Number of protein chains: 2
Amino acid sequence: MTETVPRPTLEAVAARAGVSRATVSRVVNGSDGVREPLAERVRRAVDELGYVPNQAARSLVTRRHDAVAVIVAEPETRVFADPFFARQLRGISKELTAHDNQLVLLLTEDRDDHARVGRYLAGGHVDGALVFSLHIDDPLPGLIRRAGLPAVFGGRPDFGGGRDGVVYVDSDNRGGARDAVRHLLGLGRSRIAHITGALDQTSAVDRLDGFRDVRVDTDPRLVVEGDFTAASGERAMRELLGRRPDLDAVFAANDLTAAGALRVLREHGRRVPDDVAVVGFDDMQPVAEQTEPPLTTVRQDIEGMGRLMARLLLRELDRPATADEDAGVTPSGVVLPTTLVRRASA
Amino acid sequence: MTETVPRPTLEAVAARAGVSRATVSRVVNGSDGVREPLAERVRRAVDELGYVPNQAARSLVTRRHDAVAVIVAEPETRVFADPFFARQLRGISKELTAHDNQLVLLLTEDRDDHARVGRYLAGGHVDGALVFSLHIDDPLPGLIRRAGLPAVFGGRPDFGGGRDGVVYVDSDNRGGARDAVRHLLGLGRSRIAHITGALDQTSAVDRLDGFRDVRVDTDPRLVVEGDFTAASGERAMRELLGRRPDLDAVFAANDLTAAGALRVLREHGRRVPDDVAVVGFDDMQPVAEQTEPPLTTVRQDIEGMGRLMARLLLRELDRPATADEDAGVTPSGVVLPTTLVRRASA
DNA sequence: ACCTGAGCCGAGAGCGCTCTCCCGCCCGGC
DNA sequence: GCCGGGCGGGAGAGCGCTCTCGGCTCAGGT
């Protein structure tokens, strides 16, 4: 049924074109130094035989794989509940395939998986790694470093991003948060609450910091910790209404949380945005537009982040191995801008 | 900086253990026929040197890669708007890693990508393929067949699933749809409308068929074509309200469509479920629970589908190549059951 | 004691490619 | 007409592994 026909080898192409293997190799790899008529003959032979180089054989000698690992370390279902991940993947995929690199996906759930991932990375199957959703004290960066692989992180790692040549791409969470809160201020709101995300992730911390930047002397009762889920949004909103029934605005750490808050506000008969204005974060498609009312939120360029991560990694890979003194040419942290998207909720 | 230390080879381990390469290979690959004391010595040497086999070298001779491609052919953003995809991936990933296989992700957007994918598959980097979101007349199955790779499809292909040894895994879309409509009937509704999905996908066709199974003589005006998006749900709902203002129930082809319909119903002052009952399909997490009111819907085991696809493929790969006469042992189509999830909307 | 056979283990050939030599040819200069 | 330089192309040595094959050892049967 699926009987594999023996694929033609370099040897076969060489024989057909009446040249040596070396010459075919030169032509296939686009190196110069083969005179046109000969090259043409080789190209014809390649076509006729349908020759495709054997990547394993090539890797064996070049020590390149033209493949990078994408590691998503997410025990919770959160990442999977939002399309974030898929969007970023798409960005990465585009960039990688544009440069003829493959994407090897490594999903990890628990600590056991780390050993496996470590072994895989050390096994030299990929040239580099793209890493997401690091949590505090994650062993992953250590594993990667030990495997001697270049890596780019999605989101600022909690350990010195920027130091040690740790390269990362992040959204301007802090700036975006500031914009959101300033927008609420501009609407004349003064009793602005914040529901945070899971504070073991830098994105949540940064958003909180942004909030505080603008509301330096805020009543601590106006800040409640959440964990990026809708359920936490509901819980936090109830808490807030109990503490400060007079609040007139809420900045939620993400759209899901905002959706939860919205529901509780409706339950309590608060009109949005008239009584309470609500701003989310992420501009997560199926949620932000479907809420009642549609959510004003901070958009980040997810796909762009993915692309950029891939691009930075590829650049690193293309750098001649000798170029140690260049370290530092690669920017260690890149922060992408965010934009406020105005809808009905604020 | 990321200076790769030369990794130890089989040779090195052999030298350290004072045996031949062959013996080390036997131990590493768990083949029997090495006496215990020797095997132990080899294992120690492996540990001490931190030896990890070079996959490229191994593939070169075994012609196995222990890697499968996951191909997602989705030009539209739809797939990315829902977490479907991520869930399925997770299922696949779990199953693959449990069997030490890697997951190579191939995302395709347009026809150009097909050539690339074809080349990749033909390049013999992977042992098999898992394919999603086929549309009508998709060239992908042909490419895969030509590459001589075993494949499992996610969702029933429009060409003879079941014939030609085409293996697929699907949800029981038709049965699920029947359950949904029967549930509405059980609620005493009699003027039940259906908003279809994109009818170039078998899932949408099957759901429509399920609807018709139960509502054989339905007024054709009660069926409106949609495309699985929320926008199409809104449009279709308006259309339906115009055609049959007396309708008392809606079965939408998926949750997003249902969410759109819900919004329009609210706009028109119809109470859900009192005036109009609504049922969706998918039980897509962030949407189904967040709608107002929360959506009654048909749940499918997405992650299970992924796992099963992977399992079927792996089984196919493990089959000795000779076993042609076995063809047929592998079930050609597996249909997973769905369950109705009752929430507030119906 | 000899033969047989059943393991164990090592030697060595290759998997398909790249890349470094090195050879030979062609051309220009004197 | 001869020599030297330069460049196009071929020969061949690996890359690190697997796997066949054959030799060697040792037990058991005669």
Side-chain angles (χ1 to χ4, degrees), chain A residues 4-43 45-46 49-67 100 119 122-125 127 320-321, chain B residues 4-43 45-46 49-67 100 122-127 320-321:
Chain A
T4 312
V5 201
R7 296 201 291 130
T9 72
L10 247 206
E11 188 76 47
V13 178
R16 177 158 198 129
V19 298
S20 74
R21 283 201 322 278
T23 301
V24 179
S25 176
R26 281 188 268 256
V27 172
V28 169
N29 294 309
S31 108
D32 42 356
V34 177
R35 257 184 294 240
E36 195 37 49
L38 242 203
E40 180 50 32
R41 225 162 69 211
V42 170
R43 263 178 252 121
V46 166
L49 297 178
Y51 170 74
V52 184
N54 179 318
Q55 185 61 33
R58 181 179 277 175
S59 295
L60 187 55
V61 25
T62 60
R63 272 115 207 300
R64 279 277 302 220
H65 303 85
D66 295 320
D100 275 312
R119 231 177 310 119
H125 305 187
D127 303 324
Chain B
T4 313
V5 201
R7 295 200 292 128
T9 73
L10 247 206
E11 188 76 45
V13 178
R16 178 161 198 125
V19 298
S20 74
R21 282 200 321 278
T23 300
V24 179
S25 176
R26 280 189 268 257
V27 172
V28 168
N29 294 310
S31 110
D32 42 355
V34 176
R35 256 184 293 242
E36 195 38 49
L38 243 202
E40 181 49 32
R41 227 164 67 213
V42 169
R43 265 180 251 119
V46 166
L49 297 177
Y51 170 74
V52 183
N54 179 318
Q55 184 61 33
R58 181 179 276 174
S59 295
L60 186 54
V61 24
T62 60
R63 274 119 205 298
R64 278 276 302 222
H65 302 85
D66 294 319
D100 276 312
H125 305 188
V126 292
D127 303 324

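This one's a predicted model, so the numbers in the text were calculated from it and none came from an experiment. As a basis for the values below, the full set of heavy atoms in this structure was taken, side chains included, without hydrogen atoms, waters or symmetry mates.
Ala57(A) pairs by the side-chain contact (heavy atoms from CB on, under 4.5 Å) definition with Asn54(A), Leu60(B), not counting sequence neighbours. By the side-chain contact (heavy atoms from CB on, under 4.5 Å) test, Arg64(B) pairs with Thr62(B), Asp66(B), Asp127(B), Leu317(B), Asp318(B), sequence neighbours left out. Applying the salt bridge (charged side-chain N to carboxylate O under 4.0 Å, His left out) criterion to Arg35(B), with sequence neighbours excluded, gives no partner residue. By the salt bridge (charged side-chain N to carboxylate O under 4.0 Å, His left out) test, Arg63(B) is found to be paired with no residue, residues two or more places apart in sequence or in another chain being considered. Partners of Arg41(A) under the side-chain contact (heavy atoms from CB on, under 4.5 Å) rule, at least two apart in sequence or in another chain, are Val19(A), Leu38(A), Arg44(A). Taking Ala45(B) as the reference, Val13(B), Arg16(B), Ala17(B) meet the side-chain contact (heavy atoms from CB on, under 4.5 Å) condition, with sequence neighbours excluded. With sequence neighbours excluded, no residue satisfies side chain to side chain donor-acceptor pair (under 3.5 Å) with Arg119(A). With sequence neighbours excluded, no residue satisfies side chain to side chain donor-acceptor pair (under 3.5 Å) with Thr9(A). Annotation: ring pair (Phe, Tyr, Trp, His ring centres under 6.0 Å) contacts of His125(B) (sequence neighbours excluded): Tyr120(B).
In the helix from dA1(C)-dT30(D) to dC30(C)-dG1(D), the end axes, each obtained as the rotation axis mapping the C1' atoms of four pairs onto the next four within a five-pair block, lie 50° apart to the nearest 10 degrees.
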Strictly under 3.5 Å: I want the nitrogen or oxygen pairs between protein and nucleotides 23-27 of chain D, one per line.
none

Can you name the atoms? Protein N/O to nucleotides 13-20 of chain C N/O, anything below 3.5 Å, with the distance.
residue, atom, partner, partner atom, Å
dA13(C), N6, Arg21(B), NH2, 3.0
dC15(C), O3', Arg63(B), NH2, 2.7
dG16(C), OP1, Arg63(B), NH2, 2.4
dG16(C), N2, Ala57(A), O, 3.4
dC17(C), OP1, Tyr51(A), OH, 2.5
dC17(C), OP1, Asn54(A), N, 3.1
dC17(C), OP2, Leu10(A), N, 2.3
dC17(C), N4, Arg21(A), NH2, 3.3
dT18(C), OP1, Asn29(A), ND2, 3.1
dT18(C), OP1, Arg58(A), NE, 2.8
dT18(C), OP1, Arg58(A), NH2, 3.3
dT18(C), OP2, Ser25(A), OG, 2.7
dT18(C), O4, Arg21(A), NH2, 3.0

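At the phosphate of dG10(D), OP1 or OP2 sits under 4.0 Å from a side-chain N or O atom of Thr23(A).
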